[in-house]
Amino acid sequence: MVETKAAWKRIIARALEGYAAEKGVAAPMPAADAIVLERPPTSELGDFGFPMFPYAKLLRSAPALVAQAVARIVERDPAAARLGGAAAEGPYLNVRLARPAVVAEVLARAGSPAWGRGSALRGKKVMVEFSSPNTNKPLHLGHLRNNVLGESLSRIMSAAGAEVRKIDHFNDRGVHICKSMLAYQAYGEGRTPADEGLKGDHFVGKYYVLFNKLMEEDPKAEEKAQELLVRWEAGDAEVRALWQRMKDWVIGGIKETYARTLVSFDLYDYESDTYQLGVDSVLSGLEKGVFYRNEDGSVWADFEDINLDKKVFLRKDGTSLYITQDIGTAIARHEDWPYDRLIYVVANEQAYHFKILFETLRRLGYAWAADLHHLAYGMVNLPSGRMKTREGTVVDADDLIDELASIAAKEIEAKGREDAVGDSRAVSDRIALGALHYYLLQTGPMKDMLYDPEQSLSFTGDTGPYIQYMGARASSIIRKHLAGEGNAVKGDPDPGLLASDADWELVKQIAALPEAVDSSASAMEPSIMAAYLHDLATAFSAWYRDNPVLNNPDADLAASRIELVKAVKASFEAACALVCVPFLEAM
RNA sequence: GCGUUCGUAGCUCAGCUGGAUAGAGCGACGGACUUCGAAUCCGUAGGUCGCAGGUUCGACUCCUGUCGGACGCACCA
């Protein structure tokens, strides 16, 4: 379809030049790739159209007249005749494609294993950092948005041809980590997650919350946490051992959640290993005049020229800060694996931090600073207000998925689908993930979003389960056909038979997949894939309502439609994978 | 004060590089299961796209201003 569109642009460009020659207009006509192509409001008008407004002035002629002239010239173009036909419609030139050829091509492509791949990022190396949790508590709803954005974006970019490396950066040091350690020392009595029957991350998270109790009982608790941090930094063996043990518990638990939610990484790194990186870069930047030293010894940079404030890069005692570490890791990562782009999936409240970070790297002379990108995403709000750990309104990731899965299980039971579904528990889990991920990716990342538990638990409407249901219906038809049911087994498929408007609409929707992948990857917007899936699902549901497949009296037509359903299924599978919505054969 | 960002139907959100009547879902109302699975489908009602200017043949889309909301501007991460 991409090639077809490009071919039509060339045809239109040629026709415009032809018309210019006829009229004796000397002004240069636009090049083929500058021709604007758009989709008509209704498909009756054509498969795509070209507005003639931009060329009217150049040609000193009314848009409608240009359209008529171009239509006349295109009619004599043999390349155009092969691809379909064009007609003037007011100021627009609308194209109708030659259907049989396109149908045959789309069905063939959708049948190949490479279906669903784009080309926008071919040859690019993209690094994506996401999730990056603290190692003192389990993941919450906000992480789920982060994770699905990062994972989905990685998959989409990979599908668009990029080589993608996914990185998780554990924030495993700092005073907040020491707080959970201190509370564990006070109340833990040496127990392990297994003793309490808890996942490791929930276990440690419990003690992090208990630190509040400790503060009430011990007014020096905050101070003690600081002292613990000092001992940690000094490498105190006892402190390090406890730290390592609790950290392993948390990371073990978090990795379970990753596995359950289809998230994976190519590389894990740890703040405890990297937090001193960047000090040397700052010191050498100091010599180059990128930074300056204050009287007290601290190192600063001034960003007033870009309307930002001054910023500290090294404390007066020479130790590093968050920003210092990020400078170091960005440089180290680029040395290790020279990327064309590094995307940080981090909440939008960090936007200021990343502006400073990128600007600093630019000033340090790294040309690749221009390839760094902060994919900011908004807050997940609850109807009752912003979620905060301290207020206890936080939605735990594991609990949420459990709850969704149990609703799905009840739904399966209520519909009497246990036998048809097979492993009811596994399917419930996959429906839960479909519901959650689709919900989170539907909205563009920048917006704060409202998470309405009731709505996300409802499986009707424009939801993940709706997408999964349509995929399951397509699967069901194919399954029955393979089992020997219906008229199609006796017929021979012929793409030429798929000539109705309904068939055509569905074929076009299938064909749009690679373009959706490319634009989703280029815009770094997984929501484009979610929208594609919704369009595919509604197109398919409208189609199969009116077009019997298995019990079609015409055997050849039935066989041809089976091919179309296969292409639909392949498109669902490919697109669902990109938005982390599990594809289901039955539900 | 400065910076980022959002403001589209009662609610939650789409709207691709500006282009032909602004779209979904939920909710409301009315229909469709002896028909390949009704977690579905069809129809009706509902919007001066926050407001005011500007650019353009054409603006929900770009620019300026303004109002309203969110977030940020630590020797915390």
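Order of the sequence lines sets the chain letters (A, B, ...), proteins ahead of strands, with each chain counted from 1.
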TODO: Begin from the C-alpha positions of A:Arg315 and A:Thr319 and carry the test side chain to side chain donor-acceptor pair (under 3.5 Å) through to its verdict.
DONE: CA-CA 5 Å; A:Arg315 293 190 181 91; A:Thr319 57; 3.0 Å; yes

Open item on the list: side chain to side chain donor-acceptor pair (under 3.5 Å) for A:Tyr377 and A:Arg145? Distances and angles first, verdict last.
Closed with: CA-CA 8 Å; A:Tyr377 63 90; A:Arg145 188 180 196 184; over 6 Å; no

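The structure places OG of A:Ser527 at 10.5 Å from CE of A:Met529, a figure rounded to the nearest 0.5 Å. To the nearest 0.5 angstrom, A:Leu93 atom CG is 7.5 Å from A:Trp8 atom CH2.
Nearest approach of A:Ala474 to A:Val565, heavy atoms of both residues: O-CG1, 3.6 Å.
Among the heavy atoms of the strands, none lies under 4.0 Å from A:Asp326. Nucleic acid contact class of A:Arg417 (heavy atoms, under 4.0 Å, all strands): base. Within the 4.0 angstrom heavy-atom criterion, only backbone atoms of the sugar-phosphate kind lie near A:Gly444; the bases stay farther away. Counting non-hydrogen atoms under 4.0 angstrom, A:Leu441 reaches nothing in the nucleic acid. Within 4.0 Å (heavy atoms only), A:Asn547 reaches at least one base atom of the nucleic acid. Nucleic acid contact class of A:Ser476 (heavy atoms, under 4.0 Å, all strands): base. Counting any heavy atom pair closer than 4.0 Å across all strands shown, A:Lys316 reaches a base atom. Residue A:Ser298 is classed as a base contact, given a heavy-atom separation below 4.0 Å to a base. At a threshold of 4.0 angstrom between heavy atoms, the contacts of A:Tyr544 include nucleobase atoms, whether or not backbone atoms are also involved. Residue contacts for A:Ala516: at a heavy-atom cut-off of 4.0 Å it reaches no nucleic acid atom on any strand shown. Base engagement by A:Thr42 is indicated by at least one non-hydrogen atom pair under 4.0 Å involving a base atom.
Rounded to the nearest Å, the gap between the P atom of B:rU48 and that of B:rC11 is 13 Å. With C1' as the reference atom, B:rG68 and B:rU8 are 16 Å apart, rounded to whole Å. Taking atom C1' on both B:rC36 and B:rG15, the two are 34 Å apart, rounded to the nearest angstrom. Distance check on atom P: B:rA22 versus B:rG31 gives 30 Å, rounded to whole Å.
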Collect all protein-nucleotide pairs involving nucleotides 57-67 of chain B in which both atoms are nitrogen or oxygen and the distance is under 3.5 Å.
from, atom 1, to, atom 2, distance (Å)
B:rC57, OP1, A:Lys57, NZ, 2.7

Between protein and nucleic acid, restricted to nucleotides 1-3 of chain B and to nitrogen or oxygen atoms under 3.5 Å apart, what atom pairs and distances do you find?
from, atom 1, to, atom 2, distance (Å)
B:rC2, O2', A:Asn307, O, 2.8

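Ring planes of A:Phe583 and A:Phe572: tilted class, angle from 30 to 60°.
Evaluation of the ring-ring contact (aromatic ring centres under 6.0 Å, His included) rule for A:Tyr469 yields no partner, not counting sequence neighbours. Residues passing the ring-ring contact (aromatic ring centres under 6.0 Å, His included) test with A:Phe53 are A:Tyr92, sequence neighbours excluded.
The side chain of A:Asn348 approaches B:rC71 more closely than any other nucleotide in the set B:rC36, B:rC26, B:rC71. Side chain of A:Pro40, nearest nucleotide from B:rC71, B:rA20, B:rG37: B:rA20. Looking at the side chain of A:Lys447, the nearest of the listed nucleotides B:rU8, B:rU12, B:rC36 is B:rU8. Of the candidate nucleotides B:rC36, B:rA20, B:rC13, B:rC36 has the atom lying nearest to any side-chain atom of A:Lys480. The listed nucleotides are B:rA77, B:rU40, B:rG37; the one nearest the side chain of A:Ala586 is B:rG37.
Nucleotides of RNA chain B nearest to A:Asn551 and A:Thr443 differ in position, and the one nearer the 5' end is that of A:Thr443. Ranked by how close their nearest RNA chain B nucleotide is to the 5' end, A:Pro91 and A:Met587 are led by A:Pro91.
Distance alone, capped at 3.5 Å, is enough to place a donor-acceptor pair between the A:Asn146 side chain and the A:Ser131 backbone. The backbone N or O of A:Thr135 lies less than 3.5 Å from no partner atom in the side chain of A:Asp172, so there is not a single donor-acceptor pair. With A:His353 contributing its side chain and A:Ile323 its backbone, the two residues share no donor-acceptor pair below 3.5 Å.
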Pairs of donor and acceptor atoms involving the side chains of residues 533-543 of chain A, under 3.5 Å and at least two apart or interchain, shall be tabulated with distances.
from, atom 1, to, atom 2, distance (Å)
A:Thr538, OG1, A:His534, O, 3.2
A:Thr538, OG1, A:Asp535, O, 3.1
A:Ser541, OG, A:Ala537, O, 3.4
A:Ser541, OG, A:Thr538, O, 3.0
A:Trp543, NE1, A:Asp503, OD1, 2.8

For residues 173-180 of chain A, dump all side-chain donor-acceptor pairs below 3.5 Å to protein atoms at least two apart in sequence or in another chain.
from, atom 1, to, atom 2, distance (Å)
A:Arg173, NE, A:Glu271, OE2, 3.1
A:Arg173, NH1, A:Glu233, OE2, 2.7
A:Ser180, OG, A:Ile177, O, 2.8

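Contacts classified as side-chain hydrogen bond (donor to acceptor under 3.5 Å, both in side chains) and involving residues 412-422 of chain A (residues at least two apart or in different chains) are given here: A:Glu411-A:Lys415. Among residue pairs with one or both ends in residues 34-52 of chain A, those qualifying as salt bridge (charged side-chain N to carboxylate O under 4.0 Å, His left out) are A:Asp47-A:Lys508; sequence neighbours excluded.
Stem list for RNA chain B (at least 3 consecutive Watson-Crick or G-U pairs, distances under 3.5 Å): B:1-7 with B:67-73, B:10-13 with B:23-26, B:28-32 with B:40-44, B:50-54 with B:62-66.
For A:Lys247 and A:Tyr270, the positive end sits near the middle of the six-membered ring, less than 6.0 Å away and at most 45° from its axis.
Proximity of residues 462-471 of chain A to RNA chain B (heavy atom under 4.0 angstrom from any strand atom) is restricted to A:Asp462, A:Tyr466, A:Tyr469, A:Met470. Applying a 4.0 Å cut-off to non-hydrogen atoms, the residues of residues 523-536 of chain A that approach RNA chain B are A:His534, listed by residue number. Listed in residue order, the members of residues 407-414 of chain A having a heavy atom less than 4.0 Å from RNA chain B are A:Glu411, A:Ile412.
With rounding to whole Å, A:Glu38 atom CD is found 11 Å from B:rG18 atom C1'.
Taking 4.5 Å as the limit, every side-chain heavy atom of A:Arg430 sits out of range of all side-chain heavy atoms of A:Met587. Within the 4.5 Å cutoff, no side-chain heavy atoms of A:Leu578 are placed close to those of A:Pro526. Counting only heavy atoms from C-beta outward, the side chains of A:Leu65 and A:Leu59 never approach each other to under 4.5 Å. Put simply, the side chain of A:Asp269 reaches to within 4.5 Å of the side chain of A:His169, judged on heavy atoms.
Applying ring pair (Phe, Tyr, Trp, His ring centres under 6.0 Å) to A:His374 and the options A:Phe354, A:Phe130, A:Tyr352 leaves one that passes, A:Phe354.
At a cut-off of 3.5 angstrom, counting only N and O atoms as typed in the model, there is a donor on one side and an acceptor on the other between the side-chain of A:Gln350 and the base of B:rA77.
Phosphate contact (OP1/OP2 of B:rC36, side-chain N/O of A:Arg473, threshold under 4.0 Å): absent.
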